[in-house]
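Sequential numbering from 1 along the given sequence is applied to the chain's residues. As the structure is a prediction and not an experimental result, all values here were calculated from the model.
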Amino acid sequence: LDKPRFELLQYKGNRPAPPPDNGKDTGMYFNAAGMHIELDSMHLMNGTFALINHMRPHTVLPYFDDRFIQCNHLDIAARKLSFIQDTIKADMRLSTTERSGFTIKHLKSDFKLTPQMMEFKNLDIQTGGSHLEDYYAMTYQDFQEDMGDFTDKVHIKARFKNASVSSNDIAYFAPEL
């Protein structure tokens with residue numbers, strides 16, 4: 001796919017409550033329809049992913065802002081991609097530049113996404129000035145709600161080997177340091 005764009009925008013909204021759902025509750029968060037998708041490979045080129053929380057007032061900041069995440073020039077190559085029940089898995093390679101300027105030059109991982117976790121096993125990531133290997137996971141109660149309040153609601157578990165971390169990369173997330 002060339003130039004795909006995916007945005008999750010959160011607004012307070014004034015619409016009335018939806019009518020009662022008389023359908024069967026499948027318990028699925030991402031996949032209520034029960035789709036089963038498996039692909040040998042997929043390639044997204046020059047895409048954009050955005051997660052913008054308009055429910056909390058803010059101004060656009062020059063560093064990473066959990067209320068305005070926008071990844072541009074997003075390239076993803078995935079092998080053994082599956083979307084079964086509420087779990088997405090893939091052997092993934094990714095590169096992107098976030099709105100703040102933070103750059104992921106290369107990310108390779110066994111990727112897994114569930115409604116409560118985003119996991120990168122066998123991680124190899126190179127950013128503008130850092131290189132990390134091994135394992136990184138983020139856990140949360142609700143993907144859409146909590147990613148829009150990343151700093152307070154997302155929990156990180158990491159185990160790094162052969163790590164070198166640049167203070168310039170840290171400054172995108174903690175400019176006061």
Locate the shortest heavy-atom distance separating [X] from [Y]; write the atom from each residue and the value.
X	Y	result
S130	S166	OG-N, 2.8 Å
N31	D86	N-OD1, 2.9 Å
L132	A163	CD2-CB, 3.5 Å

Inset, instruction - Mind checking ring-ring contact (aromatic ring centres under 6.0 Å, His included) for F160 and listing every partner two or more places apart, or none if nothing turns up? - result: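 Checked F160 against ring-ring contact (aromatic ring centres under 6.0 Å, His included); zero matches.
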Inset, instruction - List for me each residue that meets ring-ring contact (aromatic ring centres under 6.0 Å, His included) alongside F83, sequence neighbours excluded, and say none if there are none. - result: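 With neighbours one apart ignored, the set is empty.
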With a 4.5 Å limit on heavy-atom distance, are the side chains of [X] and [Y] in contact?
X	Y	value
S95	H106	no
I125	I104	yes
H73	T96	no
D65	R99	yes
R93	I76	no
H43	L1	no

Inset, instruction - Quick one: list whatever passes side chain to side chain contact (heavy atoms under 4.5 Å, CB included) with A174, sequence neighbours left out. - result: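 Only I170, E176, L177 meet the side chain to side chain contact (heavy atoms under 4.5 Å, CB included) criterion with A174.
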Legend entry - side chain to side chain contact (heavy atoms under 4.5 Å, CB included) against T103, all qualifying residues, sequence neighbours excluded: T97, K105
Inset, instruction - Would you give the length of the straight line joining atom CG of D2 to atom CE of M45, rounded to the nearest 0.5 angstrom? - result: 5.0 Å
Legend entry - Spacing of SG belonging to C71 relative to CG belonging to L94, to within rounding of 0.5 Å: 8.0 Å
Inset, instruction - Could you verify whether a donor N or O on one side chain and an acceptor N or O on the other, from D124 and Q126, lie under 3.5 Å apart? - result: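 There is no such pair between these side chains.
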Inset, instruction - Indicate, with yes or no, if the rings of Y172 and F64 have centres closer together than 6.0 Å. - result: no
Legend entry - Sub-6.0 Å ring centroid separation between F102 and F173: yes
Inset, instruction - List for me each residue that meets salt bridge (Lys or Arg N to Asp or Glu O under 4.0 Å) alongside K153, sequence neighbours excluded, and say none if there are none. - result: none
Inset, instruction - Spell out, as yes or no, whether a donor-acceptor pair under 3.5 Å connects the side chain of D146 to the backbone of Q141. - result: yes
Inset, instruction - Kindly determine whether K89 and T87 satisfy side chain to side chain contact (heavy atoms under 4.5 Å, CB included), including the steps that lead there. - result: CA-CA 6 Å; K89 292 182 180 179; T87 301; 3.9 Å; yes
Legend entry - Working for side chain to side chain contact (heavy atoms under 4.5 Å, CB included), residues F6 and T48: CA-CA 6 Å; F6 182 77; T48 300; over 6 Å; no
Donor-acceptor pairs under 3.5 angstrom involving side-chain atoms of residues 113-123: please list them, not counting sequence neighbours.
unit_1: T114; atom_1: OG1; unit_2: Q116; atom_2: N; d: 3.2
unit_1: T114; atom_1: OG1; unit_2: M117; atom_2: N; d: 3.1
unit_1: E119; atom_1: OE2; unit_2: Y135; atom_2: OH; d: 2.6
unit_1: N122; atom_1: ND2; unit_2: D110; atom_2: OD2; d: 2.4

